[in-house]
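Chain identifiers are assigned alphabetically (A, B, ...) following the order of the sequence lines, protein sequences preceding nucleic acid strands; residue numbering begins at 1 within each chain.
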Amino acid sequence: MGKALKVTAVALAVAWDAALTWVDETYPAVVDAHYGLFSTLTILAIAYTIFAIGWAASPRSERRNRAPFLGY
Amino acid sequence: MIVIDTFVGVTEAFLVGSIYLGLHRKIMARIQRRPGPPIIQELLHTLKFLFKEGYAPITSAEFLYWMVPVFNVIVWSSAVTIAAVYRGNLLPFFAFYAAYKVLSHGAGVSSGSTYTKIGGVRHAIMPAGELALACSLISAYFVTGHMDVSGILAWEKTHGALWRYIPFSTLAFFTLLWIDSPHSPLDPSKGYDIVEGYLTEYPGFLRSLMYTSEAIKYFCELWVFQAVFLGISDPVVHMFVMGGLTAILATLCALTPILTPYQAVGVHVTVAGLMFLDTLVPKPWI
């Protein structure tokens, strides 16, 4: 996977988190009116952010085709 | 402030859960006359793994394998948001717990390794986790007339802590905490005969996601127990009682040998069955 894809994934996570926080600060009434939607978007943002940071910050090698550690 | 509250609530659950899991590990080690790792070890472990390579074995069902850790975080973040941040309805909490069992099974079978498969299946057949959770929450509803945390807390403010009314249901929920704490004798899904159970094949940042959800889960379960059965609503008191509960759980885990799956299920069902005594045994202290 290229560096550009990693940067894009993390940038998307940061933008998603920042956008949600900005909407919450700027239009609290809108967020309160649709609290289910915004709670869901926030929880998805948290999961995506951790996944994107982990995926982008960790190294890649040729281990993709490894056998399981155990059982075979 | 819903978005910020959710961010803060989930982060707090992760940090506090990680620290208390570390404390659990430390107390267990000291009881077993080992020095044990520092209390922040669980947190450091999670952060360390976040920057390590994650990859799927060649035998894995890749989509499921990659998605299980992500969904685990989603499930427990949702549970802690609904229960602890918004003090809302507890039925979704039960649903999330059941989904967590399904995900653990998915984690076990998706790698293609027989060891993780056994771990996942063992975890899924531990039925009284859900049984105790469902029955104790239903008991709480019958007594208080509320299924939401804020309603139960308001009822407890007037009538006193719920454990005095339904002690056996409280015991059942406490058993659930015991089942789900690390190295629990009642959860053989991570027994040494199958290494780390359904987690065995998860390397790198995928494992970090699993640890993150475990920390949030630990916080969430302890929080719900304290709010529903002990009537605690103050965050500072929550922290102290959480430490005390962790010490009790760690002591129980350190001193009890691990049970076989059949013995564990037997204990689960017996404890869940004891809840019927709440309707039969007179309670002169009420």
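For Thr26(A) (side chain) and Val23(A) (main-chain N/O), no donor-acceptor pair under 3.5 Å exists by modelled atom type. In this structure a side-chain-to-backbone donor-acceptor pair under 3.5 Å is present from Thr116(B) to Gly108(B).
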Q. Are Lys6(A) and Val10(A) close enough, and set up right, to give a side-chain contact (heavy atoms from CB on, under 4.5 Å), and what steps lead you there?
A. CA-CA 6 Å; Lys6(A) 288 181 174 183; Val10(A) 175; 5.8 Å; no
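For Thr81(B), the part lying near chain A is the side chain, with the backbone staying farther off; criterion is any non-hydrogen pair under 4.5 Å. Heavy-atom distances place no part of Ser60(B) under 4.5 Å from chain A, backbone and side chain included. Within the 4.5 angstrom heavy-atom criterion, only side-chain atoms of Leu206(B), from C-beta onward, approach chain A.
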Between side-chain atoms of residues 5-19 of chain B and protein atoms elsewhere (two or more places apart, or another chain), which donor-acceptor pairs fall under 3.5 Å?
from: Thr6(B); atom 1: OG1; to: Ile2(B); atom 2: O; distance (Å): 2.7
from: Thr6(B); atom 1: OG1; to: Tyr86(B); atom 2: OH; distance (Å): 2.9
from: Thr11(B); atom 1: OG1; to: Phe7(B); atom 2: O; distance (Å): 2.6
from: Ser18(B); atom 1: OG; to: Phe14(B); atom 2: O; distance (Å): 2.8

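Between chain A and the residues Ser111(B), Ser77(B), Pro69(B), the most heavy-atom pairs under 4.5 angstrom are made by Ser77(B). When the candidates Phe49(B), Phe71(B), Phe51(B) are compared by the number of heavy-atom contacts under 4.5 Å with chain A, Phe51(B) comes out ahead. Counting heavy-atom pairs closer than 4.5 Å to chain A, the top-ranked of the candidates Ile4(B), Val73(B), Val70(B) is Ile4(B).
In this structure, the side chains of Leu153(B) and His146(B) stay at 4.5 Å or more apart for every pair of heavy atoms.
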